[in-house]
There are 2 protein chains.
Amino acid sequence: MKKDVNLTVQALQRMPYYLQCLRKVKENGIQIVSATAIANELNLNDVLVRKDISMICTTKGKPKTGFIVDELIENIEDYLGYNNTMDAILVGVGSLGKALLGNSEFNKFGLNIIAAFDIDEDIINQVICGKKVFAIEKLQNLCERMHIHIGIITVPAEFAQEVADKFVNSGIKAIWNFALIKLSVPEDVLVQNENLAASLAVLSQHLRNEMDENK
Amino acid sequence: MKKDVNLTVQALQRMPYYLQCLRKVKENGIQIVSATAIANELNLNDVLVRKDISMICTTKGKPKTGFIVDELIENIEDYLGYNNTMDAILVGVGSLGKALLGNSEFNKFGLNIIAAFDIDEDIINQVICGKKVFAIEKLQNLCERMHIHIGIITVPAEFAQEVADKFVNSGIKAIWNFALIKLSVPEDVLVQNENLAASLAVLSQHLRNEMDENK
DNA sequence: TGGATATCGATATTGTAATACTGATAAAAT
DNA sequence: ATTTTATCAGTATTACAATATCGATATCCA
């Protein structure tokens, strides 16, 4: 059973951590776990964990003991859609694109990249990590035929908007965007930006502080 | 000249977008830009943009016109450390690790991965994308000798803490962690988590909402 | 059996980031 | 020259996520 609610983005992003933590706990043979224990493991506030759990889990916790691990795992996996995989296509078979195609981990997270697209004649019709690369012109046809709703953008920033437009025309409703640009899309289409440069910025600032302190 | 302040993580993560936007503006031959224009381009609030700029830029804006594009670019690049590259090492030469090694874009963001490490005998001593792969045992020595302060973790979650410990012992002060686990490190070491599963969770939730609406 | 304790769940408080508001200022228009 | 307008910069407000508090309850231990 799945609760039909929407989490905040922050709460949602904590879920995979809960799941990872719970699986580890389960591996150790533990069947009941408290929100406090999870919080300690993940360096989070215990009330926050309890709140997150209560948002999407039908399970109630028992005072003094906690929650049943299996039920939590099942509830979270259900909510995150890990049990019914989403098919996706990827555009831009560069180094990053290839890495994503080759990342078998994604299947565990309910994502299945079924095909890739590019404009480079040398790559088109090749098979990379078991996935065929098509010419970009075939995108719309394939998406409509296969009812694909997730598109991944791993092209350079200057071509990203163009790809996004093609996506929208092909019925894509959720875009995973690795290009450093804010895409313009209709309201009903979600863009999840993966911003590696932003992460580097955070690292850089910290490093600068550290160096300044020790100089 | 660089302002010696700390931005919030959110503000910091907007900086690469400002930069990308400003470079595009500059390419179009525009020399002065208003915070309002940037905000519109990036779908942000104009006051927010102005505040972010004022935090790290010595430049003052002129009413009715805006800011000098070149000065903004220089200030942001300086702040993000794009002009003096940071050397980094990477542990875990799987599909993701290889992708990061091969991503020449990082140099633009001031990151230079100088070497990689793994435990797989078949990979050790190979050269991947111009970077040599060493046995993990050589990590500490190399880091200390080369004064490396940034470490990238692309190993499976179960080995990530072990790698992090090695990093800490080797003088690493900032860790870019692609494993789905919260690492325990001393206070002065920063961990930037790159959580691809979390992004997928966001996509999944949106898709579920879309499907529910149209059923 | 009774008291101590850990946890739950609900509510209140806090803290912080984003947004709105206000007056000042420089450029453009009349 | 004067008015209008777009923008800046500082302050106030709002919104929301994270945290703290409190009573209730189930388990453990004496």
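Just so it is clear: chains get the letters A, B, ... in the order the sequence lines come, proteins before strands, and each one is counted from 1.
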Phosphate oxygens OP1/OP2 of [N]: is one of them under 4.0 Å from a side-chain N or O of [X]?
| X | N | answer |
| --- | --- | --- |
| Lys62(B) | dA27(C) | yes |
| Arg50(A) | dC8(C) | yes |
| Thr36(B) | dC8(D) | yes |
| Ser34(A) | dT7(C) | yes |
| Arg14(B) | dA17(C) | no |

Return the nearest nucleotide to the side chain of [X]; candidates are [options].
| X | options | result |
| --- | --- | --- |
| Leu48(B) | dA20(D), dT25(D), dT19(C) | dT19(C) |
| Phe67(B) | dA10(C), dT7(D), dA9(D) | dA9(D) |
| Thr8(B) | dA20(D), dA17(C), dC8(D) | dA17(C) |

**5' precedence on DNA chain C between Lys64(A) and Thr59(A) (nearest-nucleotide basis)** =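 It is Lys64(A) whose nearest nucleotide is closer to the 5' end.
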**Message:** Pick the closest DNA chain C nucleotide for Thr65(A) and for Leu44(B) by heavy atoms, then say which residue is nearer the 5' end.
**Reply:** Thr65(A)
**Request:** Using a cut-off of 6.0 Å, state whether more than 12 heavy atoms not belonging to Ile119(A) lie near its atom CD1.
**Result:**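 Open: at most 12 neighbouring heavy atoms sit under 6.0 Å from CD1 of Ile119(A).
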**Asked** Does Arg208(A) make a cation-pi contact with Tyr79(B) (under 6.0 Å, within 45 degrees of the axis)?
**Response**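 Positive - Arg208(A) is close enough to the ring of Tyr79(B) and near enough to its axis.
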**Prompt:** Going through the distances and angles, do Gln205(B) and Asn209(B) end up as a side-chain hydrogen bond (donor to acceptor under 3.5 Å, both in side chains)?
**Reply:** CA-CA 6 Å; Gln205(B) 171 169 286; Asn209(B) 287 342; 5.8 Å; no
**Request:** Could you check whether Ala11(B) gets within reach of a base, just the sugar-phosphate, or nothing at all, counting any heavy atom under 4.0 Å?
**Result:** nothing
**Request:** Using a strict cut-off of less than 4.0 Å between a Lys/Arg side-chain nitrogen and an Asp/Glu carboxylate oxygen, indicate whether Glu105(A) and Lys108(A) qualify as a salt bridge.
**Result:** yes
